[in-house]
Protein chains: 2
Amino acid sequence: MKVLSCGRQAPDTQTSGAANAAQRKKATSHWAGKLAEHIREQDLNHSRSREDILQQIVDFDRHFTLPELLKKVQEKFPSIGSATVYRSIPLFVAAGILQESLADQDKLSVYELGEGAHHDHIVCLKCGTIFEFHDESIEVAQEKLISKLGFKAVRHHHVIYADCLKAR
Amino acid sequence: MKVLSCGRQAPDTQTSGAANAAQRKKATSHWAGKLAEHIREQDLNHSRSREDILQQIVDFDRHFTLPELLKKVQEKFPSIGSATVYRSIPLFVAAGILQESLADQDKLSVYELGEGAHHDHIVCLKCGTIFEFHDESIEVAQEKLISKLGFKAVRHHHVIYADCLKAR
DNA sequence: ATGAATGCAAAGGTTTTGCACCCCC
DNA sequence: GGGGGTGCAAAACCTTTGCATTCAT
């Protein structure tokens, strides 16, 4: 187990602490390289906007939402339209530069009737059925981890996307 | 471990299979009671709309999104406005009738730069910091569970909301 | 030149808000 | 009568789409 990183301080904390400017420049060129590679492989066209957007992404400490990115991009490059930003995301994901993180697939909250009894979910990718489960060994492993790291767990969401047997 | 339930068939499957009508009526009165209790405790006012909305919620097989609920409510009770439906949700949550399920707290997707290496997240409820972790024993327990249930896991999201030590 | 990429504006969908009216206590 | 609750409409957001134009190769 290891903690890989942490982020999302006050939005402006990391705006440009010249300290790690070099490091960020290096990161930028690494991801820019990945982008170029993907563009070459897929016979797409190089574009300046996508480089600019990528640069702003690197500027985040890993995690960001699309509205956050849109705002940041348009502050730096007012000429870039929102459509371009949104259209660049699936490209970056395909290029292995970005991964979706944290949230549900579709961005809509799903609610359920319930007493507060804890359980987690398995969502079948074939038929959309939602199964619920409660697994003590996972709960225990999680509690052990969290207390080792000095946290006090309050609640969690654990969703496993899977293919089920009766898959069509 | 046990599977508690499964749902979300084709949207109309469960419209009213007279079979379990009695059971549903019982469920309705149970939740209506919880609502009445909460309203009494909080010195709020009783209202018909909220009962009607709750009835439609009971009619779902546990899981639903807000747009799904809105649609269902307005089909049955065209006079109920969307504002009322949306405003009823936090009330039902406070009353212990509903719990948010599956999705992230705020409904916005969060993206991150990354190579695709798998990790999960701990979100500090005090300071908003996002920590990443990868815990093999949780992964193993999860894989064991999922294959026992006859699924093939494709990916998962596991987010733990917790209070961290440097909490203010 | 050809197809990809873009900006703009408009549309779509979800959720929130302002406000006058209504209802419960 | 007073404050909570409601419906309606408008606004606020976030995201997608259509289209004419620009850009890369």
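Chain letters run A, B, ... following the sequence lines, proteins first, then strands; residues in each count from 1. In this text, all values refer to a predicted model and were calculated from it rather than measured experimentally.
- Closest to the side chain of A/Ala83, out of C/dA9, C/dA5, D/dA9, is C/dA9.
- A donor atom on one side chain and an acceptor atom on the other are found under 3.5 Å apart for B/Glu136 and B/His134.
- For A/Ile53 and C/dA5, the CD1 to P distance is 12 Å, given to the nearest whole Å.
- Nucleotide D/dC13 holds its P atom 15 Å from the CD atom of A/Glu68, rounded to whole Å.
- Checking C/dA4, D/dG4, D/dT6 against the side-chain heavy atoms of A/Asn45 singles out C/dA4 as nearest.
- One interatomic measurement links the two molecules: CD of B/Gln74 to P of C/dT14, which rounds to 12 Å at whole-angstrom precision.
- The shortest distance between the side-chain N/O atoms of A/Ser82 and the OP1/OP2 oxygens of C/dG7 is not below 4.0 Å.
- If you take CD of B/Gln42 and P of D/dG3, they are 18 Å apart, rounded to a whole angstrom.
- Where B/Pro78 and B/Leu44 meet DNA chain D, the nucleotide closest to each residue was compared, and B/Leu44 sits on the side nearer the 5' end.
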**Request:** Might you work through the ring pair (Phe, Tyr, Trp, His ring centres under 6.0 Å) test for A/His157 and B/Tyr161, ending with a clear yes or no?
**Result:** CA-CA 8 Å; A/His157 292 302; B/Tyr161 297 94; 5.7 Å; yes
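- Counting to the nearest Å, the P atom of D/dT16 and the CG atom of A/Leu70 are 12 Å from each other.
- At a non-hydrogen distance threshold of 4.0 Å, B/Tyr86, B/Arg87 from residues 84-92 of chain B come into contact with DNA chain C.
- You'll find the side chain of A/Glu143 reaches within 4.5 Å of the side chain of A/Ile146, heavy atoms only.
- We find that NZ of B/Lys71 is positioned 15 Å from C1' of C/dT14, with the value rounded to whole Å.
- D/dG7 atom P lies 9 Å from atom CG of B/Asp52, rounded to whole Å.
- Legend: side-chain hydrogen bond (donor to acceptor under 3.5 Å, both in side chains) pairs involving residues 79-95 of chain B, not counting sequence neighbours: none detected.
- A side-chain donor-acceptor contact under 3.5 Å links A/His156 and A/Asp120.
- Between the C1' atom of D/dT25 and the CZ atom of A/Arg48 lies a distance of 19 Å, rounded to the nearest Å.
- Taking a cutoff of 4.0 Å between a charged side-chain nitrogen and a carboxylate oxygen, A/Lys72 and A/Glu68 do not qualify as a salt bridge.
- Listed candidates were C/dG7, D/dT6, D/dC8. Nearest to the side chain of A/Ile80 is C/dG7.
- Checked by atom type, the side-chain pair A/Gln142/B/His158 shows a donor-acceptor distance below 3.5 Å.
- For A/Ser47, counting side-chain heavy atoms from C-beta on, the closest listed nucleotide (C/dT6, D/dT17, C/dT14) is C/dT6.
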